[in-house]
Structure formats: C-alpha cells, structure tokens
Amino acid sequence: MWRFTILLIFLFSVQFSRSQSIIPMPEIITFKEGFFDCNENVMIRHDRQTEFSAQYFSDYIQEVYGFKIGLEDKDLSPRAGTIKIKVDPSYSNEYYKLKVTSAEILIEGGAAGCFYAVQSLIQLLELKNGKCIIRAVEIEDKPRFGWRGLHLDVCRHFFSIDFVKKYIDLMARHKLNTFHWHLTDDQGWRIEIKKYPKLTEVGGWRKETIVDKNFEPFKGDGTPYGGFYTQQQIREVVEYARKRHVTVVPEIEMPGHALAALAAYPEYSCSGGPFEVGTKWGVFEDVFCPAEKTFKFLEDILTEVTDLFPSEYIHIGGDECPKESWRKSAFCQALMKEKGLKDEHELQSYFVRRIEIILAAKGRKLIGWDEILEGGLAPGAAVMSWRGEDGGIQAAKAGHRVVMTPGSHCYFDHYQSKSTGEPLAIGGFTPLEKVYQYEPVPKALSASESKFVMGAQANLWTEYIKTPQHAEYMAYPRVCALAEVLWTMPEKKSPGDFYTRLTRHFLLLDKWNVNYSRAFFEIKSEIKSGTGNAPLYLELKQRSSEGQIFYTTDGADPREKGVKYTEPLIIDKSVEIKFIDRNAKNSIVQSQQFELSKASGKPITLTHPPDERYGGGEAFGLVNGILADENLSGGRWLGWWGPDLDATIDLGSSQSIAQVELGLLRMENSWIYLPQFIEVFISEDGQKFETIAKKSSQEYSAGGRVRIDFKRCNARYVKVFVKNFGTIPNGKEGEGNKSWLFVDEISVR
Ligand code: ACM
C-alpha cells in the first residue's frame with residue numbers, strides 16, 4: 001500500500017510543478033487549494049502608480065484570452081472577484097507580494113515589484129475547461145541582482161522600432177530591467193544627432209555587406225544597407241521601456257569601432273580619411289583622434305544622447321581599439337609626451353577620463369567594456385567584463401562597479417546546438433545548460449568585493465543575425481535561463497526543475513509569438529571511448545524522459561524506419577547515425593557522422609589542456625571520430641589561447657602507419673591563427689620519440705584538414721606537436737593579444 005501512496009504523490013507532484021511554473025523562479029512560492037476564476041466580471045483596482053501594471057494585465061487578457069476586465073482606481077477595500085494592486089512605499093522598488101485565493105487577488109510591493117507581480121500572474125494563467133483560472137498561491141519575491149541586462153546590436157544589422165519594443169517587452173516578461181542598446185559601430189551609426197546630421201545621412205548607410213564569412217577574398221552582396229532611429233522614435237522606446245521598468249542604456253562607441261562616424265566626419269580621425277562605412281566585420285585601424293575638437297564633437301553628441309536617455313550609466317564602448325593610427329600620428333605622439341603618457345594604452349585611458357568628465361558634468365556615470373582598464377581606469381567608471389571574468393574581478397577589487405558578461409556564458413551570438421542545421425553563427429558554443437549554470441559573482445571576490453558586481457547581461461551581436469526571427473531564435477530560450485541566473489538566489493536554482501518549467505514556458509513563448517530555438521528538444525549525444533573492437537560508443541539522451549529514440553545506420557530516415565534505441569551504440573567503422581525522438585514535440589532528425597582512424601577512441605595525453613570554453617575542453621575531442629566543420633559550429637573545435645598543442649596518442653600496440661591528418665581552423669578576425677608548424681614524432685615505448693615528419697605554415701595556408709604523409713613505419717605512440725602562431729600582429733583584430741590555436745580530430749592511418 002505505501003508503494004502505491006508514494007507513486008500517487010510522485011505523479012501528483014510532477015503534474016503540479018509542470019502546470020505551475022514561473023520563470024524566473026520566485027523566492028518563496030506556496031501553492032494552496034482552489035483557484036481564482038478570471039472572467040469578464042473581474043475588476044482590477046489599482047492606485048495611481050500601478051495603473052500601467054493593471055492596464056498591462058487587462059490588455060494581456062484581452063489579447064490572449066479575448067475578454068475584457070475592467071479597471072477601477074477608487075475603492076481599494078477588498079471585495080470578492082477583484083484583483084487589488086497597490087504600491088506600499090515601505091517595500092523596496094522591485095519587491096512584491098502576491099496572494100491568489102478563490103475570492104480575490106492581492107498584490108502589493110514597490111512600483112516595479114507590482115509590475116513583476118503582474119508578470120508572475122500572467123505566467124500563472126491557465127485555461128481549464130474553457131475557463132481562465134489562476135491556482136491559489138502565495139508568493140514573496142525580489143531579485144538577486146539590480147542589473148539584469150540584455151543587449152542588442154542594431155549596427156551590424158538594423159532592427160525596427162517595433163521589434164525593439166517587442167524585445168523589451170519580452171525582457172520585462174522575464175523580469176529583466178536593463179536594455180543595452182548598441183547604437184553605433186563601424187558598420188552603421190543608428191541614432192539621429194541633430195547637430196551632426198551626416199552621422200546618420202552618411203554613417204547610417206553602407207554600400208554593401210559581406211556575404212557569410214567571405215573575408216579573404218572579400219565577397220560583398222552588392223546591396224546598400226542601412227537605417228537609423230529618429231530622436232522621436234528613441235524617446236518613444238525609452239518611454240515604452242520605462243513603463244515596463246526597463247532602463248535603456250545607450251552605447252556610443254569610442255575611441256574604436258568609430259568608422260561609420262568617421263566616414264561622415266573624417267576630420268575627427270588622425271589620418272583625415274576619407275573613409276567608407278564598414279562592409280565587413282572585425283575592427284578597423286582608424287579610430288577617433290584624441291584632439292580637443294574631437295572631444296568637443298563627442299561632448300555635443302553626448303549632450304543630445306543624455307537628453308534622450310535618462311539612464312544613470314552611459315556606455316561609451318572602449319573595446320577593441322587598435323592603436324596603430326595613434327602610433328602613426330605625430331599629434332598623438334606629441335600629446336603623449338606633453339601629458340606624460342607612457343604608451344597608447346595610457347592614451348586610451350586619457351581619452352576615457354576626458355569622456356568621464358564630460359558625462360560627470362551631466363550627472364551621469366560612465367560604463368565601458370573591460371579594455372578601459374588598460375592604461376588605468378577612470379576614477380568613477382564601471383566595467384563590463386566580456387573577455388572572461390578577469391576584467392570584472394580586477395575592477396571589483398579596485399572598488400569599481402561591474403557588470404559581468406563573459407563570452408563563455410553570455411554571448412548569445414554563439415551556437416546553442418550541435419545540430420548541423422543551425423543557422424550560421426559567429427562561433428562558440430553556449431547551450432542553454434551553460435547559461436543556466438552561470439554564476440555572476442566570481443569565486444575570486446571576497447564578500448565585500450562581490451557587492452561591486454551589479455549583475456550580468458547577455459549580448460546579442462548581429463553580424464550574422466539579419467532578421468527579427470533570427471534574433472529571437474538566438475535569444476530564446478537562453479534569455480529564460482539568464483533571467484533565472486539574475487533573479488533567483490543560487491540555492492533556489494535547479495536545472496531539472498527549470499527544464500520542467502521551461503517545457504510549459506515554451507507554450508507561453510508560442511502565445512507570445514517568439515521564434516525560440518528548439519534545441520531543447522534535441523537528443524543529446526555523447527561519445528565515449530570504448531575498448532578493443534569497439535573503439536567508440538554513442539550514447540543518446542533526452543531532457544524529458546517521455547521520448548522514444550529511433551535510429552538508422554544506413555542513411556535512411558529514422559522517422560519511419562529504424563531501430564529503437566536501448567543502449568549505447570558501438571561505433572567500429574566510419575558511419576552516419578541518424579536519430580529522432582519520435583515522441584518529442586518539434587522533433588527533428590539529427591545525425592552524427594563518424595570518421596574512424598587508428599587513433600579513434602585511443603588514450604590521448606596533452607602537455608597543455610585545451611581551453612574549457614571550446615569543445616568541452618576535453619582532449620578526447622581530438623580522437624572521438626568526429627570532424628569539426630569549417631564554420632566553428634557544433635563546438636567540436638578545441639582551442640588553446642597561447643599554448644601549443646602537444647598530444648601523444650597511444651595506439652595500444654605497434655601499428656603500421658604512414659599518415660597523420662588533423663583539422664586546423666583559420667579565422668583571424670576571431671583571433672584564430674594557423675600554427676607556425678606541425679611536427680609528428682613516433683615511438684615504440686612512449687619514452688624515446690623520433691621525428692618522422694614536419695610541415696610548415698606555407699604548406700597549409702587555408703587550414704581545413706591537413707595531411708602529413710610519411711614513409712610507412714611501425715609505432716605504438718604518435719606524438720603531434722602543433723606550434724601556436726604567437727602574438728597577433730599590429731594592424732590585425734586583437735593586435736598584441738595571444739592568438740588562438742584551433743585544432744580538431746587527429747586521424748592516424
Ligand atoms: C565586444 O564583444 N567586443 C565587447
């Protein structure tokens with residue numbers, strides 16, 4: 001009998017948590033018996049400060065459920081069938097209390113908190129037997145972080161005011177509160193500045209756009225592209241966001257990423273131009289010149305910008321500023337001497353300090369990407385840490401405010417699925433799980449230093465994102481995971497529970513017309529090393545346990561044909577496995593191609609471990625039978641940022657071999673360079689190695705699969721040494737930084 005009881009409780013609780021879900025998870029949530037019947041007789045009673053929230057709920061009901069509920073702003077005493085929503089000034093701004101009973105709904109909290117209560121209420125609405133209901137519940141809630149951000153790059157591709165509003169509204173539904181609007185860059189200036197009309201007339205348009213990743217040789221689409229927002233439109237967006245308790249932080253890029261501005265006004269560069277608005281991605285040598293007339297120009301621009309945006313912080317960019325044009329400029333060199341600046345980094349620091357003074361005079365604070373740390377941080381500046389966490393750690397330790405947005409977890413322009421059908425992306429691999437696991441407060445900070453972490457944000461750079469549909473696809477559902485990272489205390493977070501809630505949340509995203517990625521429904525494949533005649537195993541798993549996986553090994557479609565998956569598959573030859581979860585909603589056929597060699601699944605040791613940001617950071621990725629594809633998708637590449645690859649593979653016994661092949665990636669705009677040389681060694685005992693072949697960079701200038709043939713010989717151990725390119729040369733994107741070495745699958749034949 002007790003078994004039966006436990007089973008019932010289990011079933012009930014599964015049902016319960018599936019149908020009752022809020023993302024992000026509230027601090028305290030207790031479900032009760034009964035439900036509130038939300039029908040056309042319901043009235044919402046609000047005070048002056050909650051009128052918008054009340055109207056928001058009423059509009060939502062009208063739009064999604066097709067009936068009207070009325071608003072009242074008079075009698076605030078409780079009455080059956082009402083939703084009462086009221087600001088209590090004793091609460092902090094973002095706190096709320098929400099109580100749903102069968103008789104009424106009571107909401108109180110700070111002004112933003114009341115709006116968030118409405119967002120929770122919206123997520124709790126259910127349609128049961130044709131009735132719109134809300135299950136009885138008590139919630140007390142407030143956010144963990146004050147900066148819960150999402151960014152949008154409207155320069156690389158332009159997005160309409162209507163889409164920007166939808167983007168902000170969706171943020172608000174997930175209780176995010178900071179919209180970082182990236183308004184200016186090399187490829188387009190998107191904000192009207194009355195005093196300098198050419199910024200948008202000239203800087204708002206480029207003559208064409210690079211096709212995919214055709215950097216060398218360059219291939220453009222031949223189509224003029226551009227657009228900008230009028231000041232009237234910007235005011236409209238700022239007000240739209242304000243009502244939703246979202247602050248809009250504008251970004252005006254300087255001193256680098258300024259080519260569009262310089263195309264319009266070349267007199268603010270060091271060389272004088274002329275320039276064209278950028279047509280490809282990356283960084284450009286010409287940047288703002290730190291002359292007095294430039295500071296006057298930027299002050300005029302910031303005067304109009306601060307007039308439009310009431311935000312406490314103004315983002316001034318500061319990232320990826322090549323120093324070449326300053327090095328070549330007699331004016332800059334003289335200025336450095338005059339001001340006692342020892343290098344161009346200190347000159348950039350001087351630049352940022354000048355801008356900070358301009359902003360401070362307007363009562364605003366400066367925030368910039370972590371490069372503003374180089375050469376000394378301006379006294380009151382806040383730092384947005386994107387090149388990992390180090391910049392954020394350094395700034396917080398020095399008592400500066402910090403927003404964390406490391407590329408590893410917060411760049412939503414990265415791939416989120418290993419499926420080969422993914423749309424082209426800039427690179428990287430940041431699946432939903434990784435975003436959910438993100439912890440914005442680095443371990444390196446003490447409790448008092450941690451207070452300087454204002455929060456985190458995700459960035460959506462749009463080099464490869466041309467449409468609103470694609471932007472939503474990259475943002476969702478990763479924004480849902482980010483929202484929980486930023487709102488919910490870590491001890492209340494649980495991936496399993498989040499996935500359960502997300503399964504229902506997808507139905508809401510459908511209602512809200514969001515084009516989210518379906519990667520969540522994909523089968524996760526894991527490759528494991530085997531033994532003897534089974535060099536590799538392929539293990540297939542679902543996030544939900546309901547599915548039925550079917551697979552084929554002959555190229556046939558597993559939707560109809562195929563074998564039911566019951567245990568890991570032995571991979572003992574080159575083969576394509578196609579598989580599908582026949583039960584999953586939105587299920588698609590996935591596939592995994594294996595290319596086996598004598599090295600597949602064999603033990604491999606590395607002198608320097610690969611960077612954990614790529615390919616899972618596991619050496620096994622070099623011998624797992626899977627070749628990374630050209631465009632970085634799928635997260636199969638392994639990366640080393642600085643070190644060389646020094647790998648030794650144990651073939652298990654002495655084997656006859658005559659060739660080593662490996663994949664190399666060249667993507668210099670992403671700091672990924674081909675190695676200086678590759679050397680292959682062999683050994684019978686794993687101690688004494690002899691060189692058998694060497695190839696230098698002239699022999700593999702395009703990258704891709706590089707073959708190294710040698711005289712047939714016998715060996716048990718094969719050692720492959722791949723020499724990192726070294727420091728990125730001046731004039732290239734990322735100059736002066738360590739370069740990346742990207743390698744995949746070492747085949748031995
Ligand atoms: C950046 O991604 N360049 C801030």
Side-chain angles (χ1 to χ4, degrees), residues 147 149-157 178-188 190 249-260 278 280-285 287-288 313-323 345 348 351-352 366-374 377 381-392 394-395 402-415 425-430 435 438 455-465 471 474-475 478 482 613-614 632 641 667-672 728 732-740:
W147 187 296
L150 188 60
H151 149 291
L152 181 66
D153 167 12
V154 295
C155 304
R156 276 54 179 265
H157 285 99
T178 307
F179 173 53
H180 174 168
W181 206 357
H182 184 79
L183 285 164
T184 75
D185 214 307
D186 300 306
Q187 299 82 5
R190 307 276 177 235
V249 175
E251 181 180 353
I252 307 296
E253 274 268 22
M254 61 188 82
H257 286 294
L259 193 57
K280 61 178 181 178
W281 323 126
V283 298
F284 297 86
E285 184 174 314
V287 301
F288 285 125
Y313 286 95
I314 302 292
H315 202 302
I316 58 95
D319 58 321
E320 300 179 314
C321 176
K323 308 296 187 294
H345 292 296
Q348 165 150 338
F351 194 113
V352 175
L366 180 151
I367 188 165
W369 302 109
D370 56 54
E371 285 93 332
I372 67 171
L373 280 155
E374 294 163 1
L377 191 53
V383 168
M384 210 168 248
S385 189
W386 74 280
R387 294 175 304 172
E389 298 188 315
D390 291 352
Q394 197 187 324
V402 164
V403 175
M404 301 303 290
T405 181
S408 55
H409 294 77
C410 297
Y411 269 45
F412 289 0
D413 54 343
H414 289 181
Y415 288 97
I426 197 158
F429 182 55
T430 308
V435 178
Y438 181 54
Q457 70 175 40
N459 300 329
L460 196 60
W461 302 103
T462 57
E463 285 93 337
Y464 300 96
I465 302 172
M474 300 307 276
R478 289 187 284 197
L482 175 77
R613 277 172 276 185
Y614 295 96
L632 261 185
W641 195 23
M667 207 178 271
E668 295 182 357
N669 275 41
S670 303
W671 307 10
I672 304 167
I728 298 175
K732 293 284 202 172
E733 175 138 358
E735 63 171 34
N737 283 286
K738 294 178 287 186
S739 63
W740 282 90

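Counting convention: from 1, in listed order, for ligands and their atoms alike. All values below were derived from every heavy atom in this structure, side-chain atoms included, with hydrogens, water molecules and symmetry-related copies excluded.
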ask   = Which distance, rounded to the nearest 0.5 Å, do you find between the CG of Leu366 and the CD1 of Ile314?
value = 9.0 Å
ask   = If you round to the nearest 0.5 Å, how far is CD of Gln187 from CG of Leu259?
value = 8.0 Å
ask   = Do side-chain atoms of Trp641 reach the backbone of Lys738 as a donor and acceptor pair under 3.5 angstrom?
value = yes
inquiry  = Please verify the inter-ring angle class for His182 with Trp461; under 30° counts as parallel, over 60° as perpendicular, anything in between as tilted.
reply    = perpendicular
message = Tell me whether the rings of Trp369 and His151 are parallel (<30°), tilted (30 to 60°) or perpendicular (>60°).
response = perpendicular
message = Once side chain to side chain contact (heavy atoms under 4.5 Å, CB included) is applied, do any residues pair with Ser385, and if so which ones, sequence neighbours excluded?
response = Asp370, Met404
Tabulated below should be the N or O atoms of ligand 1 paired with protein N or O atoms at under 3.5 Å; can you produce that?
| residue | atom | partner | partner atom | Å |
| --- | --- | --- | --- | --- |
| ligand 1 | 2 (O) | Tyr411 | OH | 2.6 |
| ligand 1 | 3 (N) | Asp319 | OD2 | 2.6 |
| ligand 1 | 3 (N) | Glu320 | OE1 | 3.3 |

